Structures are given as structure tokens and as C-alpha cells.
**Student:** 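Input: one structure, supplied below.
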Amino acid sequence: MFRLWGKIWKDNRMIRDTVAEEESEDTRTHKIFRALDQICYEFDLGKPIWLDSNISEFKRHSKARFYQDSFIEEIEFDYLEIQVLEE
């Protein structure tokens, strides 16, 4: 089972979090995108744009932060962080 933890941070405090689970036999990349879609749906957010910095950070640490520059609409928090919990 693949689990992705999504957290919303504001002023160095986690204000909301959720865990998305994927049980499909698909590729890791597809699981990440589907889990991120679930997290954004639950938080009522638009999907963030993956910038080169997000991709390289995720490859190195299985964790990425999406700041305002990754979102089209204005966000009311500092950043959205995703982290792989289980693969």
C-alpha cells in the first residue's frame, strides 16, 4: 500500500493534514499524482504545478513543499507539504 501525507503549514504550524492511500498496482509516479489529487480535493485546493525544485526535492527526500508559486490561485497558508509514508 502506498500512503502520502499531505500537510498545510502557516506560521510554522501545521494547521491541517490528511493521509491519502493508493492500493493500485500502478507505477509510483501515478500513485503520487493520484494521492496528491485526493489530498487537494480534501483540502479544496487546485492542483499545484510541479516545478523543477519540487521534483528534485521529492526525488531526494520523498518529500516536497509547494509554495504560492506552485499554485495558480491565491493560497491562505505558507505551503503544502507532501511526504511519502509507506511504499
Side-chain angles (χ1 to χ4, degrees):
M1 175 187 306
F2 180 84
R3 296 174 64 206
L4 190 68
W5 188 13
K7 301 172 267 187
I8 291 179
W9 293 84
K10 184 172 178 86
D11 299 328
N12 290 326
R13 294 176 189 249
M14 183 173 56
I15 58 173
R16 196 161 176 207
D17 73 322
T18 187
V19 175
E21 297 179 352
E22 269 295 317
E23 295 184 14
S24 68
E25 295 297 321
D26 216 344
T27 65
R28 181 177 193 254
T29 303
H30 287 117
K31 289 178 185 179
I32 292 165
F33 287 140
R34 276 200 300 277
L36 182 57
D37 288 349
Q38 289 175 27
I39 290 167
C40 289
Y41 180 79
E42 186 166 330
F43 290 158
D44 194 27
L45 291 174
K47 296 175 191 165
I49 299 165
W50 285 82
L51 303 173
D52 290 339
S53 59
N54 301 117
I55 295 168
S56 63
E57 181 183 14
F58 197 80
K59 284 180 181 177
R60 277 182 285 156
H61 306 291
S62 293
K63 182 182 203 177
R65 291 181 176 175
F66 297 99
Y67 295 93
Q68 177 62 61
D69 57 346
S70 293
F71 292 92
I72 295 172
E73 73 277 351
E74 189 72 26
I75 58 173
E76 310 251 335
F77 50 88
D78 295 333
Y79 59 88
L80 167 67
E81 181 178 87
I82 59 170
Q83 179 179 359
V84 175
L85 292 178
E86 182 180 344
E87 289 191 60

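Just so it is clear, the model here is predicted, and its values are computed rather than measured. The residues of the chain are indexed from 1 along the displayed sequence.
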**Student:** For the pair Glu73 (side chain) and Gly46 (backbone), establish whether a donor and an acceptor sit closer than 3.5 Å, ignoring hydrogens and angles.
**Tutor:**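 Yes; at least one donor-acceptor contact below 3.5 Å.
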**Student:** How many angstroms lie between CD in Glu21 and CZ in Arg3, if you round to the nearest 0.5 Å?
**Tutor:**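 Between atom CD of Glu21 and atom CZ of Arg3 there are 5.5 Å.
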**Student:** Residues in ring-ring contact (aromatic ring centres under 6.0 Å, His included) with Phe43, at least two apart?
**Tutor:**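 Partners of Phe43 by the ring-ring contact (aromatic ring centres under 6.0 Å, His included) criterion come out as none, since no residue qualifies.
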**Student:** For Asp69, I'd like to know if atom CG has over 12 heavy atoms of other residues, nucleotides or ligands within 6.0 Å.
**Tutor:**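 Buried by this count: over 12 neighbours within 6.0 Å.
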**Student:** Going hydrophobic residue to hydrophobic residue with side-chain gaps under 4.5 angstrom, can you get from Phe2 over to Trp50?
**Tutor:**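 Linked, Phe2 and Trp50 end up in one cluster.
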**Student:** Tell me whether Tyr41 is reachable from Val19 by hopping between hydrophobic residues (I, L, V, M, F, W, Y) whose side-chain heavy atoms are closer than 4.5 Å.
**Tutor:**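 As far as the 4.5 Å side-chain criterion goes, Tyr41 and Val19 are not connected within one cluster.
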**Student:** If you define the side chain from C-beta out and look only at heavy atoms, does anything of Tyr67 sit under 4.5 Å from Ile75?
**Tutor:**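 No, too far: nothing below the 4.5 Å cut-off.
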**Student:** Within this structure, what is the NE2-NZ distance for the pair His61 and Lys59, rounded to the nearest 0.5 Å?
**Tutor:**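 NZ of Lys59 is found 13.0 Å from NE2 of His61.
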**Student:** Parallel under 30°, tilted from 30 to 60°, perpendicular over 60°: which one fits the rings of Tyr79 and Trp9?
**Tutor:**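 Plane angle under 30°, so parallel.
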**Student:** Return the minimal non-hydrogen interatomic distance between Asn54 and Arg65, and the atom names on each side.
**Tutor:**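 So the minimum-distance heavy-atom pair works out to ND2-O, 2.6 Å.
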**Student:** Mind checking whether Leu51 and Ile72 sit in one hydrophobic cluster, side chains of I, L, V, M, F, W, Y counted as touching below 4.5 Å?
**Tutor:**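 Same hydrophobic cluster.
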**Student:** Please tabulate, for side-chain N and O atoms in residues 31-40, each donor-acceptor pair with protein atoms closer than 3.5 Å (sequence neighbours left out).
**Tutor:**
residue : atom : partner : partner atom : Å
Lys31   : NZ   : Ser24   : O            : 3.4
Arg34   : NE   : Glu22   : OE1          : 3.1
Arg34   : NH1  : Asp26   : OD2          : 3.1
Arg34   : NH2  : Glu22   : OE1          : 3.4
Arg34   : NH2  : Ser24   : OG           : 2.8
Arg34   : NH2  : Asp26   : OD2          : 3.4
Gln38   : NE2  : Glu22   : OE2          : 3.1

**Student:** To the nearest 0.5 angstrom, please state how far the CZ atom of Phe66 sits from the CD atom of Glu57.
**Tutor:**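 Rounded to the nearest 0.5 Å, the CZ-CD separation comes to 8.5 Å.
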**Student:** I'd like to know if the side chain of Lys10 reaches the main chain of Glu76, judged simply by a donor and an acceptor atom lying under 3.5 Å from each other, with no hydrogens or angles considered.
**Tutor:**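 Yes; judged by distance alone, with no hydrogens or angles, the pair exists.
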**Student:** How long is the span from the CD atom in Glu81 to the CD1 atom in Ile8, to the nearest 0.5 Å?
**Tutor:**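 So the CD of Glu81 and the CD1 of Ile8 are separated by 11.5 Å.
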**Student:** Could you state the interatomic distance from CD (Gln83) to CG (Leu4), rounded to the nearest 0.5 Å?
**Tutor:**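 Atom-to-atom, Gln83:CD and Leu4:CG are 8.5 Å apart.
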**Student:** Are Ile49 and Leu45 joined in one hydrophobic group, where the rule is that I, L, V, M, F, W and Y side chains link up if heavy atoms are under 4.5 Å apart?
**Tutor:**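 Per the 4.5 Å side-chain linkage, Ile49 and Leu45 are not co-clustered.
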**Student:** Check for me, please, whether Leu80 and Trp5 land in the same ILVMFWY cluster - side-chain distances under 4.5 Å, paths through other members count.
**Tutor:**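 No, separate clusters.
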**Student:** Measure the CD1-NZ distance between Ile82 and Lys63 for me, rounded to the nearest 0.5 Å.
**Tutor:**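 NZ of Lys63 is found 11.0 Å from CD1 of Ile82.
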**Student:** Go through the structure and list residues passing side-chain contact (heavy atoms from CB on, under 4.5 Å) with Asp11, not counting sequence neighbours.
**Tutor:**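 Result, side-chain contact (heavy atoms from CB on, under 4.5 Å) vs Asp11: Asp78.
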